[in-house]
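In what follows, a structure is listed as structure tokens, so that the remarks can point back to it.
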Amino acid sequence: MPKVISKNVLGKALYWLLLVMMLLPLKSIFGLDSEPISPPVALFVGLVFALCFGSPCQKFNKKLSKQLLQASVIGLGFGMNLVQSLRSGADGMLFTIVSVVAVMMVGVWLGRCMQIEHKTAYLISSGTAICGGSAIAAVGGVLKANENQMAVSLGVVFILNAIALFIFPPIGRLLGMSDGQFGTWAAIAIHDTSSVVGAGQAYSAAACEIATLVKCTRALWIIPLAFFTAYLYRTDASTTSKTKVAVPWFIVLFVVAMVLNTYTPESLMSTMQPIYHSIAMLAKRMMTVVLFAIGAGLSLKVVRQVGVRPLVLAIVLWIIIGVGSLLVVINTIE
């Protein structure tokens, strides 16, 4: 018993120490050429921590990753020009619409063929088609999905998110993708916003801007999908009670931040620009913290409870959307 308590106390202390380190601008403090803790490094450190210490601050870590992600996305908007971003991300909008519909249809069909529980397959398809955990959480509430269905779907997405953050930037560089190509591809093919932004940051600042814009546009599909799901399952006995569709307000505020940064009057810009820049820089550091928190929440328990068939379904859908979007992006975006 004392050993368990000692390990738990040590885990909590180390968790808070690492959390602070992720937030600090170590590049400026130590005069380094680059930031030593990049988004992929933060995720890797979180994964190693989870394997060694489990989740000593599980509830706080889960709440932190969700709320800090939303705040970070809003903050990134203060560093983006709306007109330029829309022009850069416009090429990926049409394919976003097509891919969302296609992935949902293929995912539900494959789930039926693989004899995966229907709601689990629907949730995995939603997370792959739109924006990972956020879509699963929103659609799961409408579906009245049980704890096991939610855990399996979220677990699959978290596993693939971790893999994506490590493999996407090297693939992009290997193929010689432009910032616009990589940003669009990452936004379409990577599940969660956090990993999309992290992969974009690891590639370039321009790729990060495009990836964030396209992903946030994609995330708005949560709303029509949730309403469609409520209609589709209206006769389901488990979903007869009234459900509220969660509006992703942080996406709306992200757009507001972009509008402010773009259309602030010239007379005020000299004063406001340093503030906007500081908020955007802080948002990038907070995103590193988010990725550490996500890694720290991905324990062996989560991996074990996923199961083989749901994981295979998620991987197949991921390959379809990843390869399909890659081919479209390379051939349509310069």
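Just so it is clear, the values below take in all heavy atoms, side chains as well, and ignore hydrogens, waters and symmetry mates. Fair warning: this is a prediction, and the values are worked out from it, not measured in the lab.
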Between side-chain atoms of residues 158-166 and protein atoms elsewhere (two or more places apart, or another chain), which donor-acceptor pairs fall under 3.5 Å?
residue : atom : partner : partner atom : Å
Asn161  : OD1  : Asp192  : N            : 3.1
Asn161  : ND2  : Val157  : O            : 3.3
Asn161  : ND2  : Asp192  : OD2          : 2.9

Which residues share a side-chain contact (heavy atoms from CB on, under 4.5 Å) with [X], sequence neighbours left out:
| X | value |
| --- | --- |
| Gln58 | Ser55 |
| Lys12 | Asn8, Pro56, Cys57 |
| Leu268 | Thr264, Pro265, Met272 |
| Ala206 | Asp179, Ser204 |

Would you be so kind as to tabulate the donor-acceptor pairs closer than 3.5 Å made by side chains of residues 285-295, with sequence neighbours excluded?
residue : atom : partner : partner atom : Å
Arg285  : NH2  : Met22   : O            : 2.6
Thr288  : OG1  : Lys284  : O            : 3.4

Between atom [atom1] of [X] and atom [atom2] of [Y], what is the distance when rounded to the nearest 0.5 Å?
| X | Y | atom1 | atom2 | value |
| --- | --- | --- | --- | --- |
| Leu317 | His191 | CG | NE2 | 7.5 Å |
| Leu313 | Ser153 | CG | OG | 9.5 Å |
| Ile320 | Thr128 | CD1 | OG1 | 9.5 Å |
| Thr193 | Ile130 | OG1 | CD1 | 11.0 Å |
| Tyr122 | Leu143 | OH | CG | 6.5 Å |
| Ile136 | Ser125 | CD1 | OG | 9.5 Å |

- Query: Does any N or O in the side chain of Ser325 come within less than 3.5 Å of the main-chain N or O of Gly322, such that one atom is a donor and the other an acceptor?
  - Reply: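 The answer is yes, because a donor-acceptor pair under 3.5 Å joins these two groups.
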Who are the ring-ring contact (aromatic ring centres under 6.0 Å, His included) partners of [X], not counting sequence neighbours?
| X | value |
| --- | --- |
| Trp109 | none |
| Tyr263 | none |
| Phe44 | none |

What heavy-atom pair brings [X] and [Y] nearest, and what distance separates the two atoms?
| X | Y | result |
| --- | --- | --- |
| Ala314 | Val156 | CB-CG1, 2.8 Å |
| Val100 | Ala129 | CG2-O, 3.4 Å |
| Gly180 | Ile333 | C-CG2, 4.1 Å |
| Gln181 | Met177 | OE1-CA, 3.3 Å |
| Leu76 | Ala283 | N-CB, 3.6 Å |
| Gly107 | Ala121 | O-CB, 4.4 Å |

| said: Checking side-chain contact (heavy atoms from CB on, under 4.5 Å) between Leu326 and each of Val328, Ile330, Val329, which is the one that passes? | reply: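 Per the side-chain contact (heavy atoms from CB on, under 4.5 Å) rule, the option paired with Leu326 is Ile330, out of Val328, Ile330, Val329.
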Mind checking whether [X] and [Y] have side chains closer than 4.5 Å, heavy atoms only?
| X | Y | result |
| --- | --- | --- |
| Pro169 | Phe182 | yes |
| Met104 | Leu225 | yes |
| Phe60 | Leu19 | yes |

Could you tell me which residues satisfy side-chain hydrogen bond (donor to acceptor under 3.5 Å, both in side chains) with [X], sequence neighbours excluded, listed by chain and number?
| X | value |
| --- | --- |
| His118 | Tyr233 |
| Glu117 | Thr120, Gln149 |
| Ser72 | none |

Given Phe168 and Tyr203, is the side-chain contact (heavy atoms from CB on, under 4.5 Å) satisfied, shown in steps? CA-CA 9 Å; Phe168 268 62; Tyr203 202 78; over 6 Å; no
Around atom CE of Met114, are there more than 12 heavy atoms from other residues, nucleotides or ligands closer than 6.0 Å?
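Enclosed: over 12 neighbouring heavy atoms sit under 6.0 Å from CE of Met114.
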- Task: Applying side-chain contact (heavy atoms from CB on, under 4.5 Å), run through Met258 and Leu213 and close with a yes or a no.
- Result: CA-CA 10 Å; Met258 292 179 67; Leu213 175 69; 4.1 Å; yes
